[in-house]
Amino acid sequence: MLLLAPGIRYFPDHFNAAAQAALVEDIRAVVTEAPLYIPAMPKTGKEMSVRMTNCGALGWVTDKEQGYRYQALHPVTQKPWPAIPPRLLALWQEVGDCRLPPEACLVNFYSEAAKMGLHQDRDEQNFQAPVVSLSLGDTCLFRFGGINRNDKTQSLKLKSGDVIVLGGEGRLAFHGVDRIYPGTSTLLKSSGRINLTLRRVTVS
DNA sequence: TAGTAACA
DNA sequence: TTCA
């Protein structure tokens with residue numbers, strides 16, 4: 001484990017190839033039940049380049065009308081999200097350093113051209129609990145800074161199997177994905193990157 | 001504003 | 001950096 005900044009812990013190669021393949025199968029099952037959809041920004045309705053779905057009791061969603069929020073139902077199918085796969089619950093227990101289990105697992109799919117601007121994860125009620133992030137598939141250029149948007153940032157290439165934990169002082173750090181490096185992994189059938197972020201939403 | 005264009 |  002490397003401490004990248006206060007509260008930002010990096011576990012390179014946390015999952016080996018076999019474990020990564022098993023996780024991809026877990027996510028395939030999630031996506032079959034809860035299909036990826038295109039989220040839209042609040043107010044402007046501009047579409048994000050990343051496709052999303054969730055598993056867990058709650059899922060993070062956004063649309064033009066209601067903005068960022070957690071809700072129990074898939075916005076397209078209106079069905080409850082599938083359960084968080086046991087392997088991901090185990091990851092949270094292993095690296096999350098948190099008494100309470102995660103309630104949400106946001107699944108972000110990045111195609112070759114997708115990116116995500118610098119942002120904070122601040123739609124949860126619980127900032128004591130960490131955010132645990134797992135990368136699968138193509139390498140990306142990840143950027144993170146401090147709790148203010150204009151704090152200096154550092155960039156790091158995240159590869160398949162890497163885990164990052166934002167906790168404590170790092171919980172509200174700004175972070176984003178500047179680019180995907182297509183063809184850097186053969187884990188997924190087509191190129192692209194899957195990012196899974198486990199979160200505790202409520203306080204108790 | 002988890003995005004983006006326009007601009008210094 | 002501003003705007004939205």
Side-chain angles (χ1 to χ4, degrees), chain A residues 4-5 7-8 10 27 30-31 34-56 58-76 81 84 88 102-127 129-158 162-167 169-182 192-202:
Chain A
L4 299 177
I8 304 185
Y10 176 42
I27 296 310
V30 166
V31 169
L36 291 166
Y37 64 93
I38 304 177
M41 299 288 287
K43 310 220 168 128
T44 63
K46 282 186 182 163
E47 291 180 348
M48 297 176 67
S49 55
V50 168
R51 309 262 171 145
M52 292 184 175
T53 189
N54 290 267
C55 48
L58 294 170
W60 188 88
V61 299
T62 174
D63 58 29
K64 180 176 180 174
E65 294 73 24
Q66 294 179 252
Y68 304 160
R69 63 198 186 276
Y70 282 91
Q71 65 179 38
L73 303 181
H74 189 290
V76 177
W81 306 103
I84 298 176
L88 292 172
E103 294 167 300
C105 177
L106 176 60
V107 178
N108 286 332
F109 176 75
Y110 292 77
S111 63
E112 299 192 0
K115 48 197 164 27
M116 188 171 294
L118 217 53
H119 68 281
Q120 293 172 299
D121 291 7
R122 54 180 305 157
D123 302 307
E124 302 75 27
Q125 297 155 24
N126 191 335
F127 294 149
V131 171
V132 174
S133 163
L134 163 63
S135 296
L136 294 170
D138 284 336
T139 298
C140 77
L141 188 61
F142 178 74
R143 189 154 59 95
F144 63 94
I147 60 171
N148 299 114
R149 185 176 282 279
N150 42 355
D151 288 342
K152 73 168 180 356
T153 60
Q154 302 178 59
S155 291
L156 171 71
K157 283 182 182 179
L158 291 180
D162 288 354
V163 171
I164 290 263
V165 179
L166 303 181
E169 279 189 69
R171 174 63 179 75
L172 292 174
F174 274 86
H175 59 283
V177 171
D178 286 335
R179 68 160 297 186
I180 300 296
Y181 297 99
R193 169 177 184 261
I194 294 170
N195 182 67
L196 307 173
T197 49
L198 295 157
R199 300 109 182 267
R200 177 77 198 183
V201 179
T202 67

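Computed from heavy atoms alone, side chains included, the values below leave out hydrogens, waters and symmetry copies. Proteins come first, then strands; the chains are lettered A, B, ... in the order of their sequence lines, and each starts at number 1.
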(message) Can you tell me if A:Tyr68 touches the phosphate of B:dT1, counting only side-chain N or O atoms and a distance under 4.0 Å to OP1 or OP2?
(response) no

(message) Could you write out DNA chain C as dot-bracket? Rules: Watson-Crick or G-U wobble, both distances under 3.5 Å, brackets [ ] for crossings, | for pairs with another strand, dot for unpaired.
(response) |||.

(request) Provide, to the nearest angstrom, the distance between the CZ atom belonging to A:Arg143 and the C1' atom belonging to B:dA2. (result) 13 Å

(message) With the six-membered base ring of B:dA2 as reference, does the ring of A:Trp60 sit under 5.5 Å away with planes under 30° apart?
(response) yes

(message) Distance check needed: B:dT1 C1' versus A:Lys43 NZ, whole Å only.
(response) 8 Å

Under 3.5 Å, N/O pairs linking protein and nucleotides 3-5 of chain B:
from	atom 1	to	atom 2	distance (Å)
B:dG3	OP1	A:Gly117	N	3.4
B:dG3	OP2	A:Gly117	N	2.6

(request) Let me know the distance between CD1 of A:Ile180 and P of B:dA2, rounded to the nearest Å. (result) 18 Å

Taking distance alone, no hydrogens or angles, what donor-acceptor pairs closer than 3.5 Å link side-chain atoms of residues 41-50 of chain A to residues at least two apart or in another chain?
from	atom 1	to	atom 2	distance (Å)
A:Thr44	OG1	A:Lys46	N	3.2
A:Ser49	OG	A:Lys115	N	3.0
A:Ser49	OG	A:Lys115	O	2.9

(request) Determine, for A:Tyr110 and A:Arg193, whether the Lys NZ or Arg CZ falls below 6.0 Å from the six-membered ring centre while staying within 45 degrees of the axis. (result) yes

(message) Between A:Asp123 and A:Tyr70, is there a side-chain donor-acceptor contact under 3.5 Å, judged purely by atom types and distance?
(response) no

(request) Would you indicate what A:Asn195 reaches in the nucleic acid, counting non-hydrogen atoms under 4.0 angstrom: base, sugar-phosphate, or nothing? (result) nothing

(message) I need the CG-P distance between A:Asp178 and B:dA2, as an integer number of Å.
(response) 15 Å

(request) Identify whether the glycosidic angle of B:dT1 places it syn (within 90° of 0) or anti. (result) syn

(request) Answer yes or no: is there an ion pair linking A:Arg69 with A:Asp63, defined by an N-O contact shorter than 4.0 Å? (result) yes

(request) Whole angstrom is fine here: how far is it from NZ in A:Lys64 over to C1' in B:dA2? (result) 18 Å

(request) Please examine the side chains of A:Pro35 and A:Val76, heavy atoms only from C-beta on, and report whether any two atoms are closer than 4.5 Å. (result) no

(message) So which atom in A:Val177 and which in A:Cys140 form the shortest heavy-atom distance, rounded to 0.1 Å?
(response) CG1-CB, 3.9 Å

(request) Would you please name every residue forming a ring pair (Phe, Tyr, Trp, His ring centres under 6.0 Å) with A:Tyr37, sequence neighbours left out? (result) A:His74

(request) Check side-chain hydrogen bond (donor to acceptor under 3.5 Å, both in side chains) between A:Asp178 and all other residues, then give those that pass, not counting sequence neighbours. (result) A:Arg143

(request) Report the distance from atom CG of A:Asp121 to atom C1' of B:dT1, rounded to the nearest whole Å. (result) 14 Å

(message) The criterion is side-chain hydrogen bond (donor to acceptor under 3.5 Å, both in side chains); which residues satisfy it with A:Arg171, sequence neighbours excluded?
(response) A:Glu124

